[in-house]
Amino acid sequence: MLRLCGLQFLLLIHSAVWLHLECLSVSGPLKDMDFNVQEGGGPRILHQFTLEPPAVSFRASGEKAGIIDIDPKTGILYINGSLDWETKQVHKLQVESVDESGSRVKGPYAVTIYVEDINDNPPEFNQTEYKGVVRQNSRPGKPFMYVYATDRDDPKTPHAQLSYSILHHFPKYFEEMLFQIDNATGAISPTKTGSYYLDPLKQDTFTLVVSVKDMGGMTTNAFASSVDVVITVMESLWKAPPTIHIKENSTQVHPVNITKVQSNEPDVIYDLFEKEKLPRLPFSVSEDGTIYVTEPLDREEKDMYTFYVVSKDSTGELVEKPLQIQVIVEDINDNPPVCQQDLTVVEVQENEKGGSNIGTVLATDMDEKGSLNSRLRFQIQSQEPQYPSGSLFYIQQDTGTLQLTGPSLSKRDSAKYSLTVLVSDPDFKTICDVEVHVIDINDQIPIFEKSDYDSVTLSENTPVGTVILEIQATDGDEPATGSSLIVYQMKEGDPNNTFIIETDSETNRGFVKINKALDFEAMPVYNLVINATNPEPLVQGVQYNESSLATFKVFVTNVDEPPVFQKPVYKTEVSEDIPVNTLVMTVEAYDPEGDSVRYSLEGDVRKWLRIDSVTGQVYTASLLDREKEEIYSIEVAVSELNNAAQKSKAFLVLQLRDVNDNHPQIATDNPTFFCYPVSGGEKTLIQAIDADELLFYSKFTFSLADEMNARNNWEISKYNATHAYLSPKHGNFEEKVYDVPIILNDNGEPPLENKVNLKGNLCTELLASRQHLHL
């Protein structure tokens, strides 16, 4: 602390007096006063009190701390040294004036000195080293320890506002920090990277160098201190248990403890939620993390459960990542075998050899697949009839496959055998019924009743679907089987499938029908060969022969048919201004019999076209006009030269392309009205129209003709592409009708111009029907 001796300080006071106290900011009579003085700073003068007679001097008492006093003669209040905020923040004194006898004249008055803090103390940690423990997979941002520092400076000022940070991280494996610190509270927690990568098997100890700064750490001249923080990484307590196995249909008293989980943090709340939306979840969790199964489980209902256990804090926020719990329900043998069919029917052909597989008895068991509980064994218990032997069949005990044990069966011995098959698992038995049907083999071929069905003559316009022939073949195999059903097909003579044969499955009679239209010009004669077969394959050694074939001829006669156009519609696009006698298109038709044809037009009401009757070339007969008809549609007819009754028609469509051949006009013939008298500047809206397509102009141009003083009396201004405003230029008009010459230009290609006289009517009363014209 800087302090001046008595002589030095007297010199300071006398200098102040000599200088008329110019350095003091305030002087005045004795009264209560407060002063704010920054700590440190050395000796200083605070104030000068002035004497008021009969007072001759001042005296002070109170908390002077040995350095605060008042000069008795001059009244200067001074500090001879440095104040310290950390030692005392407020000094309270009493000052009074006295006369020559020492008696009080005024006072005492309260003088209070408030000491203001400066940043003169560094922060200090409350420990020289900190040690903490963090669990593997701890939640990011969840503090596991705190560091704490204090600062002796005024806590109400930034001097004592502390900010924590991590200076160093040993060892450091990643660019990202594994730990983080709250700069305000000193709470240390894992980062997201740390939560993921902390592993005691890889690195179980870390040292952090933690720094604390005052001034909120925001200035470069702040004081700082640092301390080592040693962190030990321990294995996470929050682990998913291994897969849990529970036997189904348990008779234990429920709930039953099946596993337990433990959070890394105390006082958490445990809860379960399901991965699947089940009608009920037969599991629960207690306050200490014990997981129970709440009821007996049925593997046949559900063989595996997957759900999650979570830990939450008091606010409901997750503390750790959810753990997956998997429960497998173990099977017990509680289901008997079940036959897949009430009656299993097996068909066996007469020629099947001994040892042949003839079918399989199918049964299921709802117990666990692939376990002994669902292993099934098969055994034949009985056979009816037992003729010609009581052991005609054998069943493989593990597969249920039925086999013949001896020679081929004969339908003459028995057409059907009934078997009872015992199906068993280790604890249950079931009877399955089996019928074996002996089926006749396909050893007979179809034979036609006659090999030649002669011929038939048909006109080429005979309708499709007409039956032209009935055929019949017979088969000696068992009726109503695939061995005796006959399928008829065209074997030769019908490359385009012009004919089709349908079979009556009850009588095996065949019906030959026309499948596609006959055409004398394409095929006048058909030499058909028909074969008859069975859908069931013939037995080995039997083949189809000529008895299963029949022949038939079809003669097609010609019918005079009308000519045929190459297209149903002929369409083209031409410009409306093409000259007369211009070729616009050619239509084409032919006669199936090869006769010559002639063309004509029908429905040409505008007489715009003509056609060459021989070549089918269509020409313009007069000038076209798109404004009268944009799409011109008529009919073109073609007939045989020698038989006009044989005639066909097609459509001829002419699309006319517009040319700019119409002059623009004013949209109405009615006069334009203005209310009389006019003052000039009134407006009325006029519109231009054009019969041509709009694509021939982008906008109309409006202007006044240079005649009849039109430009002196009127003015015209554009409103949009089709409208303009007409206005009188002054008020010197009479009450009458004026002709206003306006020139319209459609800006087409080529541009067309038209001069029109618009009637401008000045009248004293504006008709209501015209009011919409005025703006």
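Note that the coordinates shown come from a computational prediction; the quantities given were computed from them, not determined experimentally.
A donor and an acceptor atom, one from each side chain of Ser236 and Asn264, are located under 3.5 Å apart. Under 3.5 Å, the side chains of Tyr305 and Glu274 contain no donor-acceptor pair of N or O atoms. For Glu320 and Ser263, the side-chain atoms include at least one donor-acceptor pair closer than 3.5 Å. Looking at His245 and Glu330, their side chains do bring a donor and an acceptor atom within 3.5 Å of each other. For the residue pair Asn121/Asp153, the side-chain donor-acceptor check at 3.5 Å is satisfied. Asn373 and Glu368 share no side-chain donor-acceptor pair at under 3.5 Å. If you check the side chains of Gln381 and Thr420, you find no donor sitting under 3.5 Å from an acceptor. Asp154 and Thr157 form no side-chain donor-acceptor contact under 3.5 Å, judged by distance and modelled atom types alone.
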task: Apply the test side-chain contact (heavy atoms from CB on, under 4.5 Å) to residues Val147 and Val229: give CA-CA distance (whole Å), side-chain angles for both, the deciding distance (0.1 Å), then the verdict.
output: CA-CA 8 Å; Val147 296; Val229 178; 3.8 Å; yes

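Tyr308 and Phe273 have parallel rings, their planes meeting at less than 30° on a 0 to 90° scale where 60° marks the start of perpendicular. Under the 30°/60° scheme for interplanar angles, the aromatic rings of Trp238 and Tyr270 are found to lie parallel.
Side-chain atoms of Ser82 come within 3.5 Å of backbone N or O of Gly42 as a donor-acceptor pair. Checked by atom type and distance alone, the side chain of Tyr164 never pairs as donor or acceptor with a backbone atom of Ile188 at under 3.5 Å. Counting only distance, with no hydrogens or angles, the side chain of Ser250 and the backbone of Pro296 share no donor-acceptor pair below 3.5 Å. Between the side chain of Asp32 and the backbone N or O of Ala110 there is at least one donor-acceptor pair closer than 3.5 Å. Not one N or O on the side chain of Ser374 forms a donor-acceptor pair closer than 3.5 Å with the backbone of Asp365.
Under a 4.0 Å N-O distance rule, the pair Glu265/Lys142 qualifies as a salt bridge.
Every residue two or more places apart in sequence or in another chain that forms a side-chain contact (heavy atoms from CB on, under 4.5 Å) with Glu248 is listed here: Asp298, Arg299, Glu300, Val329, Asp331, Ile332, Asp334, Asp367.
Summarising the geometry of Trp85 relative to Arg152, their closest heavy-atom pair is CZ3-O, 3.2 Å, with the distance given to 0.1 Å.
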